[in-house]
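Take a look at the structure set out below.
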Amino acid sequence: MIKNINDEIDKFLLSLPNAENIDIAKIKDKYSSVITDSLDKGHITTNVCMIAASEFKTNPKELAQQLVDALEATGKFLSVESAGPGFVNITLQRSDFVSTIDKINKKNTEFGTSTIGNNQSIQIEFVSANPTGPLHVGHGRGAAYGDAIARILTSSGYKVQKEYYINDAGRQIDILTCSVFARIYEKELSQFFPKNAYKGKYIIDIANSFKAKTNSKITPELRPLIHDLPEDEEKEIDELAVRIKELYSDLWKDIKSHALKEVLESIQSDLEKFNVSFDNWYSESSLGDLTDSKSKISLSIEHLKDKELAYIKDGAVWLNTEGAGDDKNRVLIRDDGRATYFASDVAYHKDKIDRGFDKLINVWGADHHGYIKRIEASIEGLGFSKNKLSVQLVQFANLFKDGSKVKMSTRSGDFYSLADLIEDIGTDAARFYYLSKQADQHLDFDLNLAKADSKENMFYYIQYAHARICSLLNKYMEKNPSISKSALAIADGKYTNCDKLIHEMSKYPGVISRASSSLQPHLIIFYLKDFAHSFHSFYNDNQVLTESKENIDSIIFCLNSAKIILSNGLTLLGIKPIEKM
RNA sequence: GCGCCUGUAGCUCAGCUGGAUAGAGCAACUGCCUUCUAAGCAGUGGGUCAGGAGUUCGAAUCUCUUCAGGCGCGCCA
């Protein structure tokens with residue numbers, strides 16, 4: 001409909017005197033016709049006259065009056081008015097206005113989808129938490145966000161792949177392995193436990209399951225392992241890892257792979273409970289290591305050396321990232337020959353690009369923002385446009401319970417996990433609140449509120465609207481074989497109480513397209529909240545089932561589309577609509 | 001010091017590529033359940049959009065600047 005209006009407006013612009021000397025394309029580019037915020041401004045409003053007035057060297061209000069006359073002359077609209085500083089407000093004919101609910105009912109779960117993405121492939125990498133312990137509530141936000149934008153982009157016609165990058169190769173995994181080792185041989189080590197090890201209870205569980213699995217035949221004399229370890233807590237655990245690897249290399253490998261498997265399984269099961277699934281789990285260790293000259297990591301570094309972006313200095317291999325705007329150049333290979341995390345990441349991103357995605361999205365914790373420049377630099381260094389990659393930052397969420405902040409730290413083992421959160425308030429409420437604020441801003445998450453039964457609890461406010469409609473539909477179905485397929489009374493203008501609802505519903509596709517192009521799921525949440533309010537208001541003012549048969553049919557048809565809106569919106573956020581509460 | 005983010009009602013936050021009297025919930029006060037779910041609805045009060053300058057027909061929105069708060073600046077991951 002808006003397109004038709006714009007066509008008429010464009011015709012009008014060309015018909016103006018002196019039009020041939022004016023850059024009409026520029027005006028067309030700048031003006032917009034949008035759905036009005038409220039019905040007292042009609043259905044559609046356009047600001048074209050204010051934009052065009054300065055080009056045509058005329059007064060916006062006069063131009064608006066001319067446009068009003070031109071649009072009225074087409075006979076396509078119920079009424080056209082100029083308003084304010086030069087807006088032109090258009091009221092559609094009833095049939096055009098009501099066609100929205102026909103369309104929603106017809107398209108049903110497909111309503112709001114589009115083909116804007118044109119089948120381009122996007123890969124979204126998110127969560128990617130180190131597999132050193134259970135997911136905590138900080139990861140939950142990235143999980144909810146990444147999954148939501150994946151759903152939204154899919155509905156906008158993109159081919160989306162969701163990937164989890166498993167950091168299973170670095171020092172953190174050695175620390176995990178050491179931690180489990182120390183728990184397994186607690187007795188043999190005379191209760192020694194490295195200061196910097198993971199202290200969570202899950203480590204003990206993993207140790208126990210390892211013992212049960214292997215019958216723990218090896219009970220070596222372990223005291224030399226802990227003899228004269230460095231005082232420094234960082235060095236202590238590193239040295240311990242070196243010694244275990246050297247003396248018990250098979251045992252080390254067994255414990256490591258067992259610990260990794262257990263932790264990953266717990267992460268996977270938490271994500272499953274959280275209604276988040278991944279298409280691909282990509283292991284850092286599959287990039288290989290530097291000893292293999294054909295490994296992905298070696299090849300990507302060679303590639304950068306060939307391009308003279310990587311160079312040797314002070315015994316280390318550096319990447320020139322300054323050229324791409326980074327503060328300083330970064331080390332790829334340390335002077336002791338070990339690759340840095342950054343080197344793996346460069347190889348990983350090269351691999352992602354090689355896999356042929358049109359676009360990559362990384363969802364990162366906001367504390368990594370200093371890292372963006374250097375990864376972009378490496379992508380350019382590899383010969384690709386840095387625009388291929390879009391990094392979305394997710395700020396940490398602070399959790400409040402009974403008014404005080406919930407603490408979390410994987411290392412100390414003292415944390416409130418994602419699984420705890422799901423247990424506490426449920427997957428859907430948790431996802432909802434994670435998404436209720438723009439991802440790159442601090443979120444204060446009030447657990448008491450998420451469970452509260454008041455209007456303040458936006459989650460239930462929206463769900464309640466859906467449940468109320470379901471309840472009405474059920475009552476209607478008791479006396480009618482099926483939902484009415486038309487809204488004659490509304491189309492005739494005999495029953496206009498639904499108009500506000502219809503008007504709000506017509507905004508839905510625009511909201512989704514904005515959420516999609518800006519990667520901001522919270523826009524959907526705020527729309528749904530406003531829409532739920534329109535519905536509750538309608539519900540209070542109208543005793544639907546006491547209306548005339550003709551009106552009831554129309555209302556039910558309209559409310560069914562309202563239900564579709566609520567349901568589609570929630571589904572895009574990965575939240576199940578509630579039918580009864 | 002450099003970089004990023006934030007500052008809107010007492011509180012928690014919306015505010016689309018600049019648009020019409022700046023919105024919502026909570027809190028305060030007032031009404032609405034013999035009728036489809038009151039986890040609801042209607043209303044009242046509450047604002048120098050941190051301050052200043054600029055661009056524009058038009059600025060909470062864009063630019064510059066000052067102030068205040070948060071975060072990041074490893075041969076860690």
Side-chain angles (χ1 to χ4, degrees), chain A residues 29-32 34 36-37 41 45 47 50-51 53-54 59-61 83-87 89 130 132 167 169-173 175 234 284 313-318 325-328 330-345 365-373 393 395-396 436-438 440-444 446 449 452-465 467-476 507 510-511 513-515 517-518 520 522-523 525-527 529-530 532-533 535-547 552 580-581:
Chain A
D29 200 44
K30 278 183 79 179
Y31 86 84
S32 59
V34 296
T36 58
D37 45 4
K41 294 170 184 165
T45 183
N47 62 357
M50 289 176 291
I51 309 280
S54 61
N59 172 323
K61 287 194 144 183
F87 289 101
N89 296 341
N130 282 344
T132 55
N167 294 120
R171 174 167 175 265
Q172 296 305 319
I173 298 304
I175 295 175
E234 300 281 343
E284 180 185 0
K313 189 186 142 201
D314 302 331
V317 178
W318 296 70
D326 199 2
D327 301 342
K328 53 176 283 197
R330 308 289 172 172
V331 170
L332 289 168
I333 303 176
R334 300 180 179 91
D335 54 11
D336 64 5
R338 286 153 53 231
T340 60
Y341 174 82
F342 178 50
S344 303
D345 229 16
D367 52 333
H368 283 63
H369 86 251
Y371 199 79
I372 297 175
K373 279 256 169 64
L393 297 178
Q395 275 288 359
F396 284 111
S436 68
K437 203 175 166 185
Q438 213 167 310
D440 65 352
Q441 287 177 33
H442 285 100
L443 173 72
D444 287 338
D446 185 336
L449 172 62
D453 54 355
S454 72
K455 189 172 181 179
E456 203 180 350
N457 187 344
M458 250 204 287
F459 173 67
Y460 281 110
Y461 183 75
I462 294 168
Q463 292 283 21
Y464 188 36
R468 275 180 148 177
I469 297 175
C470 289
S471 168
L472 273 179
L473 293 175
N474 286 337
K475 285 242 157 59
Y476 177 84
K507 295 177 185 171
V511 171
S513 100
R514 245 182 296 136
S517 61
S518 64
Q520 294 183 331
H522 78 283
L523 296 176
I525 288 200
F526 282 94
Y527 168 79
K529 189 200 73 174
D530 289 342
H533 180 241
F535 167 74
H536 286 308
S537 184
F538 168 81
Y539 184 89
N540 234 264
D541 292 344
N542 296 276
Q543 188 64 30
V544 174
L545 299 179
T546 60
E547 288 282 343
I552 293 180
K580 207 168 188 172
M581 45 194 295

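Convention: sequence-line order gives letters A, B, ...; per-chain numbering from 1.
- Using a 4.0 Å cut-off between charged nitrogen and carboxylate oxygen, A:D336 and A:R338 count as a salt-bridge pair.
- Taking atom C1' on both nucleotides, B:rU56 is separated from B:rU63 by 12 Å, rounded to a whole Å.
- Look at A:R468 and you'll find a side-chain N or O under 4.0 angstrom from OP1 or OP2 of B:rA38.
- The listed nucleotides are B:rC75, B:rC36, B:rC73; the one nearest the side chain of A:D327 is B:rC73.
- A:Y371 and A:F342 have perpendicular rings, their planes meeting at more than 60° on a 0 to 90° scale where under 30° would count as parallel.
- Pairing partner, B:rA28: B:rU44, with both Watson-Crick or wobble hydrogen-bond distances short of 3.5 Å.
- Summarising the geometry of A:A316 relative to A:V331, their closest heavy-atom pair is CB-CG1, 4.3 Å, with the distance given to 0.1 Å.
- Going from atom CG of A:N167 over to atom C1' of B:rC76 covers 12 Å, rounded to whole Å.
- The residue A:I51 sits close to a base: some heavy atom pair falls under 4.0 Å.
- When Watson-Crick and G-U wobble pairs are counted only if both distances are under 3.5 Å, B:rC49 pairs with no nucleotide at all.
- A:F535 is listed as a side-chain neighbour of A:R468, based on a closest heavy-atom distance under 4.5 Å.
- Nearest nucleotide to the side chain of A:Y460, out of B:rC41, B:rA38, B:rA39: B:rA39.
- For the P atom pair drawn from B:rC62 and B:rC16, the interatomic distance equals 9 Å after rounding to whole Å.
- Across all strands shown, A:T45 has heavy atoms under 4.0 Å from base atoms, whether or not it also approaches the sugar-phosphate.
- The environment of NZ in A:K61 is sparse: at most 12 heavy-atom neighbours from other residues, nucleotides or ligands sit within 6.0 Å.
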Check your understanding: Step by step, would you call A:F526 with A:V511 a side-chain contact (heavy atoms from CB on, under 4.5 Å)?
Key -> CA-CA 10 Å; A:F526 282 94; A:V511 171; over 6 Å; no

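- Remark: A:R334 is in phosphate contact with B:rA77, judged by side-chain N or O atoms under 4.0 Å from OP1 or OP2.
- For the pair A:Y539 OH and B:rC33 C1', the interatomic distance rounds to 11 Å; values are reported in whole Å.
- For A:N47 and A:D367, each mapped to the nucleotide of RNA chain B holding its nearest heavy atom, the one lying further toward the 5' end belongs to A:N47.
- Within 4.0 Å of A:A53, counting heavy atoms only, lies no atom of the nucleic acid at all.
- For A:H369, taking side-chain heavy atoms from C-beta onward, the closest of the listed nucleotides B:rC71, B:rA77, B:rA24 is B:rC71.
- Here the separation of B:rG47 from B:rG69, taken at their P atoms, is 26 Å to the nearest Å.
- Atom-to-atom, NE2 of A:H536 to C1' of B:rC33 comes out at 16 Å; the value is rounded to the nearest Å.
- The CD-P distance, from A:Q172 to B:rA77, rounds to 8 Å in whole Å.
- Residue A:S537 has a polar side-chain atom (N or O) positioned under 4.0 Å from OP1 or OP2 of B:rA42.
- Partner assigned to B:rU37 is none, using Watson-Crick or G-U wobble distances below 3.5 angstrom.
- The gap from the P atom of B:rU30 to that of B:rG23 amounts to 26 Å, rounded to the nearest Å.
- Distances were taken from every side-chain heavy atom of A:M50 (C-beta onward) to each of B:rU35, B:rG19, B:rA38; the shortest belongs to B:rG19.
- Atom P of nucleotide B:rG40 and atom CG of A:D530 are separated by 15 Å, given to the nearest angstrom.
- Two residues are said to be in side-chain contact when any heavy atoms from C-beta on lie closer than 4.5 Å; A:Q438 and A:Q520 meet this criterion.
- Spacing of C1' atoms, B:rA27 relative to B:rG18, comes out at 34 Å, to the nearest Å.
- Glycosidic conformation of B:rC33 is syn; the angle stays within 90° of 0.
- Computed from coordinates, the A:D541 CG to B:rU35 P distance equals 17 Å when rounded to whole Å.
- Contact annotation for A:D345: no contact, since no heavy-atom pair falls under 4.0 Å across all strands.
- Using a 3.5 Å distance cut-off with no hydrogens or angles, the side chains of A:Q172 and A:T132 do not pair a donor with an acceptor.
- If you check B:rC41, B:rA24, B:rU37 against the side chain of A:Y461, the one that comes closest is B:rC41.
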Exercise. Apply side-chain contact (heavy atoms from CB on, under 4.5 Å) to the pair A:L332 and A:W318, showing each step before the final yes or no.
Key: CA-CA 5 Å; A:L332 289 168; A:W318 296 70; over 6 Å; no

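- As judged by a 4.0 angstrom heavy-atom cut-off over every strand, A:A83 is placed among the base-contacting residues.
- In this structure, the CG atom of A:D440 is 18 Å from the P atom of B:rG70, given to the nearest Å.
- Base pairing of B:rG19 is made with B:rC57, judged by Watson-Crick or G-U wobble geometry with both donor-acceptor distances under 3.5 Å.
- Looking only at distances, a side-chain donor or acceptor of A:N457 sits under 3.5 Å from a matching main-chain atom of A:F459.
- In terms of position along RNA chain B, the nucleotide closest to A:F538 lies nearer the 5' end than the nucleotide closest to the other residue of the pair A:F538 and A:R338.
- Residue contacts for A:S54: at a heavy-atom cut-off of 4.0 Å it reaches no nucleic acid atom on any strand shown.
- For A:H368, counting side-chain heavy atoms from C-beta on, the closest listed nucleotide (B:rA20, B:rA38, B:rA77) is B:rA77.
- Pairing partner, B:rG7: B:rC67, with both Watson-Crick or wobble hydrogen-bond distances short of 3.5 Å.
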Under 3.5 Å, which protein N or O atoms sit close to an N or O of nucleotides 14-18 of chain B? Give each pair with its distance.
{"residue": "B:rG15", "atom": "OP1", "partner": "A:H522", "partner atom": "NE2", "Å": "3.2"}
{"residue": "B:rC16", "atom": "O2", "partner": "A:R514", "partner atom": "NE", "Å": "3.0"}
{"residue": "B:rC16", "atom": "O2", "partner": "A:R514", "partner atom": "NH1", "Å": "2.9"}
{"residue": "B:rC16", "atom": "O2", "partner": "A:R514", "partner atom": "NH2", "Å": "2.7"}

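- B:rG1 is paired with B:rC73 under the Watson-Crick or G-U wobble criterion, all donor-acceptor distances under 3.5 Å.
- Residue contacts for A:H442: at a heavy-atom cut-off of 4.0 Å it reaches the sugar-phosphate backbone alone, with no base atom in range.
- Here, B:rC5 and B:rA9 have their C1' atoms 24 Å apart, quoted to the whole Å.
- The residue A:F342 sits apart from the nucleic acid: no heavy atom pair falls under 4.0 Å.
- Once rounded to the nearest 0.5 Å, the distance linking OH of A:Y31 with CE of A:M50 reads 13.0 Å.
- With B:rA20, B:rC41, B:rC36 as the candidates, the nucleotide lying closest to the side chain of A:N540 is B:rC41.
- Comparing B:rA20, B:rC73, B:rC75 against the side chain of A:N89 picks out B:rA20 as the nearest.
- Comparing the C1' positions of B:rG46 and B:rG10 gives a spacing of 9 Å, expressed to the nearest Å.
- Across all strands, A:Y476 comes closer than 4.0 Å to no nucleic acid atom at all (heavy-atom distances).
- Between the P atom of B:rC4 and the CD atom of A:Q395 lies a distance of 15 Å, rounded to the nearest Å.
- Residue A:D314 is classed as a base contact, given a heavy-atom separation below 4.0 Å to a base.
- At least one side-chain nitrogen or oxygen of A:S471 sits closer than 4.0 Å to the OP1 or OP2 atom of B:rU37.
- Taking atom C1' in both B:rC57 and B:rG51, one finds a spacing of 26 Å when rounded to whole Å.
- Nucleic acid contact class of A:K580 (heavy atoms, under 4.0 Å, all strands): base.
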